[in-house]
Amino acid sequence: MGHVRNYTLGDVVARYKRARGFDVLHPMGWDAFGLPAENAARERGTHPAAWTRQNIEIMRGELQRMGLSLDWSREFATCDPSYYGLQQSLFLDFLKAGLVDRREAWVNWDPIDHTVLANEQVIDGRGWRSGALVEKKKLSQWFLRITDFAQELLDGLDSLDRWPSRVRQMQANWIGRSEGAELNFALTEPFANISSLPVYTTRPDTLFGMSFLAIAAEHGLAAALAETNPAIAAFIAECQRMGTSEVAVETAEKRGIDTGLRVKHPFIENATYPIWIANFVLMDYGTGAIFGCPSGDQRDLEFARAYDLSVIPVVLPAGETEADFKIGKRAHDGAGTMINSDFLNGLTPEEAKKRAIARLEKLDIGRGVVNWRLRDWGVSRQRYWGCPIPIIHCDDCGAVPVPVADLPVLLPDDVTFDRPGNPLDHHPTWKHVNCPNCGKSARRETDTFDTFVDSSWYFSRFCAPQAIQPIDRAATDRWLPVDQYIGGIEHAILHLLYSRFFTKALAKIGHLGVTEPFKGLFTQGIVTHESYKGEDGRWLYPDEVIRDDAGQPRHHTTGELVTILRPEKMSKSRRNTVDPGAIIGAYGADTARWFILSDNPPDRDMEWTESGVAGAYRFTQRLYRLVANIADRSKAVAAESNAALALRQTTHRTIAVVTEALESFSFNTAVARIYEFANALSEAEKSAEAAGMDHARFEAASALARLIAPMMPHLAEEMNALLDISAPLVVAQNWPEADPALVAVSSVIIAVQIMGKLRATITMPPDSAAEDVLRAAESEPNIQRLLEGKRIVKRIHVPNRIVNLVTAG
RNA sequence: GGCUCUGUGGCGGAACGGUAGACGCGGCGGACUCAAAAUCCGCUCUCUUCGGAGGUGCCAGUUCGAGUCUGGCCAGAGCUACCA
């Protein structure tokens with residue numbers, strides 16, 4: 001149901017903008033590669049391609065029955081060779097432009113499934129599918145150099161003023177720019193050709209509070225030490241077994257092992273500190289080594305307490321004295337004055353930071369650097385159902401790009417899923433090819449791309465889906481950036497960041513002329529539903545549950561009592577799903593669309609309820625009846641009755657407010673205004689004989705048809721044809737225009753307050769002079785009564801809205 | 001732990017700092033009907049001595065006036081997480 005909501009919202013915008021005369025590109029495609037297809041293959045023996053095609057057929061049918069105004073001529077799926085082949089050629093362009101690296105990286109390795117797992121696929125240290133304990137393993141992987149664009153990706157966020165600020169905030173946090181210093185700590189004695197250790201820190205100001213240096217278990221020095229020291233080897237092995245899961249991280253104690261090696265302090269002559277291997281130091285942030293200042297960093301403090309290392313306060317908080325200040329259980333990482341810090345004493349941490357960096361640079365042992373939390377994007381996946389990475393590995397020539405003329409590298413159809421691992425790797429012939437360089441026998445890369453690659457440029461392809469080139473520059477110059485992108489908040493970081501990176505990278509190599517893909521972003525909420533449990537605790541489908549005479553929920557055949565649980569995201573495992581096809585079948589697409597739009601603001605989660613759908617359905621029937629009674633007698637009359645004029649004013653005011661609501665994505669309030677309009681039109685039936693009412697009702701109904709058209713396109717056409725069979729289709733008509741003369745009001749109701757409390761209302765001509773309004777307010781009977789014996793000391797008048805009388809005595 | 005967001009009737013939710021609760025759902029009452037369904041009409045925040053009084057998570061503040069702005073709490077949600 002989530003996708004139905006998503007595309008309904010988009011369709012309203014598309015239809016509305018089209019009626020306003022815009023040229024709208026509203027395409028549809030399929031993000032078709034990925035794990036679900038492979039899992040289905042393993043579980044049910046269907047081929048991933050067949051399974052995918054079948055799913056696309058089903059979903060396309062649903063979308064078409066929803067009446068989405070999509071341009072199906074632009075449809076494609078990412079698993080089409082005509083799409084992924086072009087993606088391969090883009091990759092080769094990236095490679096040529098130096099945007100691709102191949103390097104060793106630590107990965108989560110599932111020893112049963114023989115595959116790399118993403119972090120989110122590791123649950124409590126075990127593979128989400130196999131349940132095997134996940135190992136950290138070093139593998140050669142392909143990386144896209146997204147970090148080259150870190151600054152641009154951060155800066156670009158400022159220009160995205162039509163994005164939700166929280167998404168921008170999330171991306172900024174993810175990119176994680178920090179400023180600090182990188183410095184080298186010299187070892188007192190070199191070990192295994194290592195004479196110094198580089199360390200990144202954001203707090204060079206606290207260097208005088210140092211009490212140890214710690215390196216990650218995966219650090220090169222640790223590996224070298226492990227060769228001759230079994231205790232260290234055991235400790236490293238233990239760290240690698242430790243999961244990366246939340247629980248593991250949260251409950252893990254700070255642990256370490258002293259290497260026996262020591263480093264010199266950069267500033268203090270003859271001072272040396274131990275090097276520890278610690279479980280809380282991350283290899284892939286900074287340099288994989290830290291200096292520990294326990295007084296200023298909570299983690300360092302916990303580590304120091306565990307191993308009885310010294311704690312030297314270096315920042316004195318305001319209001320404390322140097323003699324009394326002690327570090328207890330909490331490190332002090334806030335503001336204050338530097339102490340125990342030689343040439344930094346008396347400075348603020350900010351100033352001290354600058355001074356320390358200057359000294360490091362002068363001594364030529366360090367420098368100020370900017371560091372990023374963002375990592376390069378590993379795109380290798382040991383999977384079949386994805387886009388093959390177009391590389392051939394040759395023993396002599398190394399990794400050789402597949403020549404462009406040989407693209408696409410097609411996935412073989414004849415694969416088996418009868419054993420763990422990557423079917424491409426098991427295939428008897430596929431990977432054996434000759435090196436394009438030297439002609440000797442070589443091997444294809446058997447990894448495929450992360451599917452986020454597929455979805456990082458599809459919007460460019462939609463602009464010219466038949467083009468020979470992957471991206472048609474003229475077409476993208478015309479259409480991009482996307483004016484309005486609609487998606488779930490779950491894409492706030494990954495998909496949206498990767499797409500932004502791709503756009504900047506493609507711009508750099510000339511494929512695109514824009515540097516941001518999506519000008520406007522709207523994040524819609526998820527669709528939820530109650531879920532139901534039978535007496536034995538099994539999940540029940542919504543249509544298995546009925547209400548008995550007493551209103552108790554019961555199973556429809558067994559009669560057992562059913563427990564209702566609070567609404568949650570629809571999921572197959574909880575069985576709290578509703579089938580869009582069944583809803584459309586029972587009520588029609590317009591009812592589904594109307595309910596989706598009316599329930600609540602589209603950026604919030606919506607609860608799918610049967611009564612809500614039924615209410616929407618009733619309204620569709622009511623609209624039809626309302627219009628069926630109105631014939632095309634559209635001539636205006638010279639002398640219009642008050643009733644007719646009032647209806648016409650309502651019509652034009654409704655046009656104005658609905659237009660405004662649609663512009664601001666307030667679909668639920670647009671719906672409310674249309675309900676009010678329909679109520680007014682019903683009311684007008686009572687004075688059907690009044691002069692000019694035929695025309696007024698016809699005008700109203702005609703406007704109503706066009707106003708609901710973006711939301712209920714089918715009913716809109718029915719109503720339009722009922723009113724005037726010879727009229728052009730609503731989709732061919734313009735958006736209704738509000739007549740300013742009819743929108744204007746002839747009187748306003750002004751609230752009269754005394755001391756800010758509402759005491760009366762008065763009716764006045766709009767824009768009346770202040771003195772007239774105040775005179776009328778003060779002579780209103782109820783106000784006069786309340787003012788008795790009081791003196792007015794101040795009169796507030798807000799034109800057309802309110803009068804507030806401030807009294808004394 | 002960090003960042004962000006959200007707290008308004010029985011429910012979903014309206015409300016440029018200016019009449020809190022629009023509109024819908026649900027509920028109650030009535031009309032129509034032999035009856036029901038459908039439909040139509042009315043009522044639906046609380047208290048009230050019928051003058052009013054109180055009310056938007058809690059406590060302060062700014063203002064003639066605060067659901068809206070500021071500060072501090074409380075609760076819930078999302079993201080992120082040993083990022084040095």
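Each chain gets a letter, A, B and so on, in the order its sequence line appears, and its residues count up from 1.
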Residue [X], side-chain atoms from C-beta onward, closest of [options]:
X      : options             : result
A/T202 : B/G65, B/A84, B/A81 : B/A84
A/I290 : B/U19, B/A84, B/A22 : B/A84
A/W174 : B/U80, B/A22, B/G18 : B/U80
A/R759 : B/G52, B/C16, B/C64 : B/G52
A/N679 : B/C16, B/C83, B/G24 : B/G24

* Asked: If we take the P atom in both B/U56 and B/U68, what is their distance in whole Å?
  ->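 Looking at atom P only, B/U56 and B/U68 are 9 Å apart.
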* Spacing of the C1' atoms in B/U8 and B/G67 (rounded, Å) ->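 Result for the C1' pair: 7 Å, nearest Å.
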* Asked: Which part of the nucleic acid, if any, lies within reach of A/R166 when heavy atoms closer than 4.0 Å are counted: base, sugar-phosphate only, or nothing?
  ->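 It contacts sugar-phosphate atoms only.
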* Which part of the nucleic acid does A/S611 contact within heavy-atom distance under 4.0 Å: base, sugar-phosphate only, or nothing? ->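 Sugar-phosphate contact only.
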* Sub-6.0 Å ring centroid separation between A/Y307 and A/W276 ->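 Yes, ring centres under 6.0 Å apart.
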* **Test of ring centre spacing under 6.0 Å for A/F677 and A/Y675** =>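 No: the rings miss the under 6.0 Å criterion.
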* Would you call A/R673 and A/E676 a salt bridge, taking side-chain N to carboxylate O under 4.0 Å as the test? ->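 Yes.
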* **Lys/Arg-Asp/Glu bridge criterion (N-O < 4.0 Å) met for A/D284, A/R375** =>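 Looking at A/R375 together with A/D284, the answer is yes, because their closest N to O distance falls below 4.0 Å.
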* Asked: Of A/D599 and A/R330, whose nearest nucleotide on RNA chain B comes first from the 5' end?
  ->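 It is A/R330, whose closest nucleotide lies nearer the 5' terminus.
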* Asked: Between A/F291 and A/Q169, who's closer to the 5' end of RNA chain B by nearest nucleotide?
  ->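 First, find each residue's nearest nucleotide; the 5'-ward one identifies A/Q169.
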* Asked: Hey, does the side chain of A/N173 come within less than 4.0 Å of B/G2's phosphate (OP1/OP2), counting only N and O?
  ->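 No, no such contact exists.
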